Amino acid sequence: METSSRFNARLARRFYNRDPQQVARDLLGKVLVRREGTELLAGRIIEVEAYLGQDDPAAHSYRGKTPRNAVMFGPPGFVYVYFIYGNHYCFNVSCLPEGEAGAVLFRALEPLQGIEKMAAARGLSAAGDPRLLTSGPGRMAQALGITRERDNGKDLTSAASDLWIARDGFRRPQVLITPRIGITQAAERPLRFVIAGNRFVSGRRALNQEPS
DNA sequence: GGAGCGATGTCCT
DNA sequence: GGACATCGCTCCG
C-alpha cells in the first residue's frame with residue numbers, strides 16, 4: 001500500500017507535451033522520485049539540457065528513428081535511457097506529441113530523501129560530499145539505480161510506475177541558461193538550464209558561473 | 001586545482 | 001573504425 005508522502009503530486013502528460021526547451025525550464029525545482037521497495041529516493045532537479053529532435057545535430061534523434069532512440073519519437077512523458085562511454089547511463093524524458101522527437105536530459109539533482117541508499121548505490125559514504133551522489137548525469141543515474149534494461153520506455157505519468165516527477169510547492173527558481181556540456185555538434189546553442197547559484201550543478205566552476 | 005587520459009558498450013559511417 | 005549527452009584516477013604545478 002502506498003504511504004502518503006510529500007512527493008505524490010505527479011506531473012501529468014500535458015506537462016511534457018511541449019517544446020523541450022519549455023519542459024526543461026519548467027522541470028527545474030521539481031522532484032525526481034524513485035520507489036525502491038518501501039523506500040523513496042528523491043532529488044530536486046537542478047540541471048537539465050534540452051535536445052530538439054531532428055533540428056538538433058547533437059540529439060540522438062537527429063538522423064531519424066532507430067531501436068535505440070525510439071522513445072524520443074514516442075508520446076511525451078516516457079523515459080529514454082541510453083548507455084554511453086561504455087560506463088554510464090543517462091536519463092531523459094520524451095517531449096512533444098508522438099511522431100515529434102525531443103527530450104530533456106537530466107544532469108544533476110540535489111538529494112532530498114534516501115541518501116543512504118543513493119550513497120550505497122554509488123559505493124560511497126553517506127557522510128561524504130553529497131554532490132558526489134547526484135551531480136552529473138552518470139552519477140545521478142547510478143544513485144537512483146537507473147539502467148536502460150530496467151527503465152527505458154517507462155511512463156513517468158503512470159500511477160503504476162516506480163519512477164516519476166513531482167511538484168512539491170518549491171518556489172519557481174532563478175534560471176541560468178548556458179551551452180550544453182560534453183557535445184561537439186551545435187555546441188554553442190544555449191540549451192542547458194540550471195538553477196542559478198545552486199551548489200549541486202555538475203561540471204566545472206567556470207561553466208557553472210559559481211563563486212569559489 | 002586542473003589538464004590528460006583510459007575504460008568500455010553501442011551506434012553510425 | 002571512430003565517435004560518443006561521462007567519470008574517476010593520475011600526474012603536474
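Predicted model only: the values in this text are computed from it and were never measured. Naming: A, B, ... by sequence-line order, numbering from 1 per chain.
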Under 4.0 Å protein heavy-atom contacts per nucleotide of nucleotides 6-13 of chain B, with B for base, S for backbone only and - for none: -BBB-SSS
Mind listing the closest non-hydrogen atom pair of [X] and [Y] along with its distance?
| X | Y | value |
| --- | --- | --- |
| A:Ile195 | A:Gly29 | CD1-N, 3.8 Å |
| A:Ala12 | A:Thr157 | C-CG2, 3.9 Å |
| A:Leu96 | A:Pro20 | CD1-CD, 3.9 Å |

Sole residue of A:Arg199, A:Arg107, A:Arg131 in salt bridge (charged side-chain N to carboxylate O under 4.0 Å, His left out) with A:Glu47: A:Arg107
I'd like to know if [X] pairs up with [Y] as an ion pair, taking the criterion as any Lys NZ or Arg NE/NH1/NH2 lying under 4.0 Å from an Asp or Glu carboxylate oxygen.
| X | Y | value |
| --- | --- | --- |
| A:Asp162 | A:Arg150 | yes |
| A:Glu110 | A:Arg44 | no |
| A:Arg34 | A:Asp151 | yes |

Same apolar cluster: A:Phe193 and A:Tyr16, side chain cutoff 4.5 Å: yes
Transitive ILVMFWY side-chain link A:Val175 to A:Leu109, under 4.5 Å: yes
Sorted by number, the residues of residues 132-141 of chain A with heavy-atom contact under 4.0 Å to DNA chain C: A:Gly136, A:Pro137, A:Gly138, A:Arg139
Neighbours of DNA chain C within residues 105-118 of chain A, by heavy-atom distance under 4.0 Å: A:Leu105, A:Arg107
Verify the neighbour count for atom [atom1] of [X]: are there more than 12 heavy atoms of other residues, nucleotides or ligands below 6.0 Å?
| X | atom1 | value |
| --- | --- | --- |
| A:Glu36 | CD | yes |
| A:Tyr62 | OH | no |
| A:Glu116 | CD | no |

Leading and trailing nucleotides of DNA chain C with any atom under 4.0 Å from heavy atoms of chain A: C:dC4 to C:dG8
Validation row, ring centre A:Tyr80 to ring centre A:Tyr82 under 6.0 Å: yes
Partners meeting side-chain hydrogen bond (donor to acceptor under 3.5 Å, both in side chains) with A:Gln142 (sequence neighbours left out): A:Arg122
Bracket notation of DNA chain B in which parentheses pair within the strand, [ ] cross earlier pairs, and | pairs with another strand (Watson-Crick or G-U, under 3.5 Å): |||||||.||||.
Geometric cation-pi criterion A:Arg35 and A:Phe7, 6.0 Å radius, 45° cone: no
